[in-house]
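Here is the structure we will look at, set down as structure tokens.
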Amino acid sequence: MQEIRTRFAPSPTGYLHIGGARTALFNYLFARQHKGAFILRIEDTDVARSTEESTTAILDAMNWLGLDYDEGPFFQSQRFALYKEHAYKLLKDDKAYKCFCTAEELEARRQEAFKQGKPPRYDGRCREAGDKDKPFAIRFKSPQIGKTIVKDHIKGAVAFENSEIDDLIILRSDSTPTYNLCVVVDDATMRITHVIRGDDHLNNTPKQIMMYEAFGYNIPEFAHVPMILGSDKTRLSKRHGATSVMAYKEMGYLPHALVNYLARLGWSHGDEEIFSMAELIEKFSLENVGKSSGVFNPEKLLWLNAHYIKNTKPEEIAKLLRPFLEAKGCKISDDEKPAMAVKTLQERSKTLVEMADGAEFYFKDEIVYDEKAVQKFLKPDIKDVLQKLIARLKGIELFLYSGIEKAFQNLVEETGLKLGSIAQPVRVALTGKTTSPGIFEVIEILGKEETVFSGANARFEPKTRKRWLDKTEHTILSM
RNA sequence: GGUCCCAUCGUCUAGAGGCCUAGGACAGUGCCCUCUCAAGGCAUAGACACGGGUUCGAAUCCCGUUGGGACCGCCA
């Protein structure tokens, strides 16, 4: 049984985008499932547009997504000799010819054809031109009779009339190779068995098949996956929001949430929605990739992200959260507190950015008070109750959830107040906001010292004071 | 303009001729739970683009129409 080999072949002209990531993922899954090899190839034959930064960005993104490759990255720019050799071989075999038309002439003819509403095809005029003492490009002499059938794992058999396919340039007049030549040479020499790529390449495929045949190479299997569209059903672009994979990292997404989302965009396994990487590798199949293009739905991605935030160990989330907290100026000393804080926020955060916002107060000596919240909940008439609460909290030996809860309950019984009318002011006093994790857990994590002290120092005047006061500063509640 | 691809709820999709009064998920709506915000639970609304065939029977097969998309480069 032959080894399954797939490849992802981005061109380094920008960051890794959502569509590319999905193509990479499908190739990765297919290779892993068949215990084959996943190869990364950088298609940088267009020297003018390719940049090293793009290559790095793509590598970073793949690494973040967990798409590790077995071979590569290979750079086409380092294989020019090989392509040139192939082009000249075809020339020698009379399967290609020199074209002396200039780029300008070609462009003018194309414009003219468009104007007349005709297909802008090359007319093959240099096929019989022979040799001239002029600069030339090399064109592939594509067979003009018969049909070429693309047997595609997703689209089925797609037939093209050979007469519709024109002679494409494989070697530019500056001796650099073009895309179609490179892909064929590389896929053949790298022994790629399955070419899984976007269906924008479907129309190129017959040309490539012709070249495989001209070289006498085996034709790989093809699978053309449908495009990803934006909400208006046009090709996904920046207009529709973030398209860069790494932008999602910055927005606080978990890599596996994106992976899971991308896998389910176009592929399905019955009614299942949640897949671990291991499950994806086990269950993925090209047969279950849909034929139609799909709209990228940020809301569902967000839901998946929330799901994984909820269902990942707090310690792991804490690790991922750390840079987000530090970006907000939080100083993280120990490892225990972040994990505890995370635990209280997992059910209420859809992204790590959101979680960092919610966790900020745990880690800052100074918190920002929401003015409206202060005015609404920290009224003087609550001072008395707060004072009583502080006294009770002070009396707790083991400062844990159950004891704290009991302190509140006792106070509720004693004062006849509703829990809410006590909890809300305390929440504002401790967090500066009206929304937070459960107040008992907040108090437990903050600890006795900080709770009692900041509770005592809670603002009752709309000044710009922060929660944590220096011990020497005066307190509003006299203690 | 030519070639090619595609077509089930708003979105992702299940559906391989009878299991479909079309299932699930996200988003929406309502209720429950509740110290806030969430999460969760329950319920609800919502689709086979259209027209012809084939068949006892079609979301499923065929043809056409319409609508979307991709490609037509000395870009990849």
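Note on naming: letters A, B, ... go to the chains in the order of the sequence lines (proteins, then strands), and numbering restarts at 1 for each one. Keep in mind that what you see is a predicted model, and the values were worked out from it rather than measured.
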Practice prompt. Give a yes or no on whether the ring-centroid distance for A:Tyr179 and A:His201 is below 6.0 angstrom.
Written response: yes
Worksheet item: Using a cut-off of 4.0 Å on non-hydrogen atoms, how would the nucleic acid contact of A:Lys433 be classed: base, sugar-phosphate, or nothing?
Response: nothing
Fill in: Minimum-distance nucleotide to A:Arg264 side chain [options: B:C12, B:C26, B:C4]
B:C12
Worksheet item: Using a cut-off of 4.0 Å on non-hydrogen atoms, how would the nucleic acid contact of A:Leu265 be classed: base, sugar-phosphate, or nothing?
Response: sugar-phosphate
Item to complete: Remember a base hit wins even if backbone is also touched, and classify A:Ala159 as base, sugar-phosphate or nothing at under 4.0 Å, heavy atoms.
Response: sugar-phosphate
Worksheet item: When all nucleic acid strands are considered with a 4.0 Å heavy-atom cut-off, which category describes A:Leu106: base, sugar-phosphate, or nothing?
Response: base
Item to complete: Mind checking A:Glu43 for me? I need base, sugar-phosphate or nothing, with any heavy atom below 4.0 Å counting as a touch.
Response: sugar-phosphate
Worksheet, complete the sentence: When both distances are under 3.5 Å in a Watson-Crick or G-U wobble arrangement, the nucleotide paired with B:U55 is none
Worksheet item: A:Arg235 has an atom CZ; how far is it from atom C1' of B:A70, in whole Å?
Response: 8 Å
Discussion item. Can you measure A:Leu304 atom CG to B:U11 atom P for me and round it to whole angstrom units?
Written reply: 19 Å
Practice prompt. Identify which nucleotide among B:U11, B:C37, B:C35 has an atom closest to any side-chain atom of A:Lys233, counting heavy atoms from C-beta outward.
Written response: B:U11
Worksheet entry | Gap between atoms CZ and C1', on A:Phe296 and B:U13 respectively (whole Å) | 16 Å
Item to complete: Looking at every strand, decide which applies to A:Ser421 at a 4.0 Å heavy-atom threshold: base, sugar-phosphate, or nothing.
Response: nothing
Worksheet item: OP1 or OP2 of B:G73 less than 4.0 angstrom from a side-chain nitrogen or oxygen of A:Arg110, does that happen here?
Response: yes
Worksheet item: Which residue lies toward the 5' end of RNA chain B, A:Asp200 or A:Arg348, if each is placed at its nearest nucleotide?
Response: A:Arg348
Discussion item. Ring-plane angle category for A:His224 and A:Phe222, please: parallel below 30°, perpendicular beyond 60°, tilted otherwise.
Written reply: parallel
Worksheet item: Regarding A:His194 and A:Asn27, is there a side-chain donor-to-acceptor distance under 3.5 Å anywhere?
Response: no
Fill in: Listed nucleotide nearest any side-chain atom of A:Glu273, set B:U11, B:A25, B:A39
B:A25
Worksheet item: Is A:Thr434 near enough to B:U36 that one of its side-chain N or O atoms lies under 4.0 angstrom from OP1 or OP2?
Response: no
Worksheet item: Do A:Asn260 and A:Tyr308 have side-chain atoms, one donor and one acceptor, less than 3.5 Å apart?
Response: yes
Item to complete: Give the rounded distance in Å between these two atoms: CZ of A:Arg22 and P of B:C12.
Response: 11 Å
Item to complete: Remember a base hit wins even if backbone is also touched, and classify A:Phe440 as base, sugar-phosphate or nothing at under 4.0 Å, heavy atoms.
Response: base
Discussion item. Heavy atoms from C-beta onward define the side chain here; which of B:A7, B:U36, B:A76 lies closest to that of A:Ser292?
Written reply: B:A7
Worksheet item: Going by distance alone, is a donor N or O of one side chain under 3.5 Å from an acceptor N or O of the other, for A:Asp186 and A:Tyr83?
Response: yes
Fill in: A:Ser173, nearest nucleotide to its side chain (from B:U3, B:C74, B:C26)
B:C74
Worksheet entry | The single option from A:Asn180, A:Thr148, A:Asp187 passing side-chain hydrogen bond (donor to acceptor under 3.5 Å, both in side chains) against A:Gln208 | A:Asn180
Fill in: Nearest listed nucleotide, side chain of A:Glu164, among B:G2, B:C71, B:A39
B:G2
Item to complete: May I have the distance from A:Arg427 (atom CZ) to B:U34 (atom C1'), rounded to whole angstrom?
Response: 11 Å
Worksheet item: Roughly, in whole Å, what's the span from OH in A:Tyr308 to C1' in B:A39?
Response: 18 Å
Discussion item. Looking only at the side chain of A:Asp199 (C-beta and beyond, no hydrogens), which of the listed nucleotides B:C74, B:U3, B:C5 gets closest?
Written reply: B:C5
Discussion item. Under 4.0 Å, counting only non-hydrogen atoms across every strand here, what does A:Thr178 touch: a base, just sugar-phosphate, or nothing?
Written reply: sugar-phosphate
Response to the item:
Closest to the side chain of A:Asn203, out of B:A76, B:A39, B:U3, is B:U3
Practice prompt. Remember a base hit wins even if backbone is also touched, and classify A:Thr176 as base, sugar-phosphate or nothing at under 4.0 Å, heavy atoms.
Written response: nothing
Worksheet entry | Counterpart base for B:G40, defined by Watson-Crick or G-U wobble contacts under 3.5 Å | B:C32
Fill in: B:C74 OP1/OP2 closer than 4.0 Å to side-chain N/O of A:Thr102
no
Item to complete: Answer whether the closest heavy-atom distance between the side chains of A:Tyr122 and A:Arg109 falls below 4.5 Å.
Response: yes
Worksheet item: Where the side chain of A:Arg49 is concerned, which of B:G68, B:A76, B:C6 is the nearest nucleotide?
Response: B:A76
Worksheet item: Is there a Watson-Crick or G-U wobble partner for B:U11 with both distances under 3.5 Å, and which nucleotide is it?
Response: B:A25
Worksheet item: Looking only at side-chain N and O atoms, does A:Lys155 come under 4.0 Å of OP1 or OP2 in B:C5?
Response: no
Practice prompt. Remember a base hit wins even if backbone is also touched, and classify A:Asp174 as base, sugar-phosphate or nothing at under 4.0 Å, heavy atoms.
Written response: nothing
Worksheet, complete the sentence: With the side chain defined as heavy atoms from C-beta on, A:Lys350 is closest, among B:C4, B:A39, B:C12, to B:A39
Practice prompt. Find which nucleotide of RNA chain B each of A:Ala423 and A:Glu299 is nearest to by heavy atoms, and output the residue with the more 5' nucleotide.
Written response: A:Glu299
Item to complete: Specify the separation, in whole Å, of atom OH of A:Tyr179 and atom P of B:C71.
Response: 12 Å
Discussion item. Just to be sure I understand the rule, does A:His201 reach a base, reach only the sugar-phosphate, or reach nothing, if contact means heavy atoms closer than 4.0 Å?
Written reply: base
Worksheet entry | Aromatic ring proximity A:Phe136/A:Tyr97, centre distance under 6.0 Å | no
Item to complete: For A:Cys101, answer base if it contacts any base atom (sugar-phosphate contacts may also be present), sugar-phosphate if it contacts only those atoms, and nothing otherwise; contact means non-hydrogen atoms under 4.0 Å.
Response: base
Worksheet item: What nucleic acid atoms does A:Gly266 come within less than 4.0 Å of, heavy atoms only: base, sugar-phosphate, or nothing?
Response: sugar-phosphate
Discussion item. What's A:Leu419 touching, base or sugar-phosphate or nothing? Going by heavy atoms closer than 4.0 Å.
Written reply: base
Discussion item. Expressed as a whole number of angstroms, how long is the span from A:His307:NE2 to B:G24:P?
Written reply: 19 Å
